[in-house]
Amino acid sequence: MLTPERPIEQELRWDLSDLYPGPQAPAISSDLDGSLQKAKQFQERYKNEEINALRPSEFLQALKEYESIMEEGLKPFLYASLLFAEDSQNTEYKSLLQKGKERWNELENQVLFFRLALTRLPESRRQDFLNYPPLQNYRHALEFFHRFHPFTLAEKEEEIINRKNMTGRSAFMTLFDEFTGAFVFPLKVEGEEKELTGSEMLSLLYSPDRDLRERAFRTFLQHHGQNSIVLAAIFNALILDHRVEDDFRGYQSPMHRTHLENEIHQETVELMMGITESYYPLAREYFQLKACLLGLPKLKNSDVYAPLPGGHKEISFGEAKSLLLNSFTQFHPLFGRIAGEFFEKRWVDAQIRKGKYGGAFCSALTPSLHPYLLLNYTGNLHDALTLAHEMGHGIHFHLARKQTLLNFDPPLTLSETASVFGEMIMVQALLKEEGDLEIRQTLLCAEIEDIIATVFRQNVLTRFEQKAYDRRRDHHLAGAEIGDLWWQENEKLFGKTVEMLPEYRWGWSYISHFIHSRFYCYSYIFGELVVLTLYEKYLEDGESFVPAFLQLLESGGSGSPDDLLGRMGLDVNRADFWERGFKVVRNLIDELKSLGPRDKICVSGDL
Ligand SMILES: [Zn+2]
């Protein structure tokens, strides 16, 4: 049967009616009120009843109720977030989001006791519960909560920490955001004096104009340097604050808590980081190649992400969509089928509109709802890759809908698995089709630079952070001393191949991960290397790789990264697991080199 063609504008806009018929639908209010009401009843029923005293079947009932209340409460809130992302200027959407947020907070506070009770569940009780087969589904969640038991303080102490944080840690974080957010940078762009924001300045690192890239980066860093007294004070206070709290709670090292949250052993992280360091020369080989492709004798660190001349390509949404569908289907029919459903049922919003959120995301919602994708499709290569990336996330969450809410979200370190994999599939499909040499080079460079930013650079950031925490044990760190530590770690990566701008000394002071979530950066390395290793395995094993991969995605967050990868026969505690990922980088660089003729003028020097 022939279906009538949909107008292209409609095809590019998502259809949220699977959630609610519209922002005024009565079901929104009834979900908001109903879930909060149920949360209150849940609290009344279980708060004073010792969770420990429940029979296993009652405990199962409580877990299921908890999940169902959370799902019901999340739905209107997430719907409002999607509307707001669609048009932030719409006042109706804005107030609906505000209402959704407030209700969600209220609901979370009502059921917070339950999560604390799960953390405090005595070992013997947990074992009893787990011996009851229907509770097996919650094994991982219960083990996860339990892990924090030894580091949880008495209720009053927890409350004191929480309240004091408002004028302590949280206040410093807010100060950082407000202080640096108010920075404006004067810069001459195309003969015109302008005042730019921080993110506008950093986006100029992707400008084809070398002088502009350098001036923008220098001005940006210099301004941070001029404010280093405040920025260093914030950094010092936060490190000390974490240490004091860690000592109270009994964590053994500054990274201990992060490792528990990520469910990764310290030895594994150290192994991964050490191996990444041993591959720094691979990054330097690329930097040298990139200098050559740009026709420069040597890169400055403001040149690393510079675009190649002549690498621009237009690609319409329709072309990107059919390329994606073909390549995903070739990988596995299920991948193609799910991606097709996203387009067919309009779960994707790719149109550029005023008031719409400027980035890209996949909103996972809950297991009972399908995900939605948002991006701004302008029609270049980068957008086509973003589409594949977000579609990867979409497929991951779609497959994980088999899980219940507590097992739904994949662990942080595996959350980019399908997205980066989807991008790799798309890059290979684009390379296969593309005859133009410069565009092929651009594609390969984009892929390699992504890896440099998520693996090598994050390794430098984490090493720097480790050193800073270590030093701060001994004394307060002056801005210049922090700058020295930063410089040394960056020098290990760049070597003599890339010249760092002198102002780069202040490069540590604008990284918000250091402020908001310490040691977060290593999860990027972990996640990216896992995908590269999986991709390498796919190239080696071919089709037989795919069923296990699908199973990994279907598992959502029902296990730790160790467990989930272990089921695929992979062991993150072995050096060859991590080394395998670097083979992909090696191959990408070799492929780029083989594209000549530009590379013929590239000579290999001291790396
Ligand atoms: Zn992503």
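Position 1 is the first residue of the sequence; numbering continues from there. Each ligand, and each atom within it, is numbered from 1 in the order the structure gives.
Atom CG in Leu365 sits 8.5 Å away from atom CG in Leu74 (nearest 0.5 Å). In this structure, Leu82 CG and Leu19 CG are separated by 6.5 Å, a value rounded to the nearest 0.5 Å. Separating the CG atom in Leu539 from the CE atom in Met424 is a distance of 7.5 Å, to the nearest 0.5 Å.
With sequence neighbours excluded, the residues that form a side-chain hydrogen bond (donor to acceptor under 3.5 Å, both in side chains) with Arg353 are Asp349, Gln351. The salt bridge (charged side-chain N to carboxylate O under 4.0 Å, His left out) search around Glu263 returns Arg147, not counting sequence neighbours. Residues passing the salt bridge (charged side-chain N to carboxylate O under 4.0 Å, His left out) test with Arg257, sequence neighbours excluded: Glu245, Glu261.
The set of protein atoms (N, O or S) found at less than 2.8 Å from the Zn ion (ligand 1) reads His389 NE2, His393 NE2, Glu416 OE1, Glu416 OE2, by chain and number.
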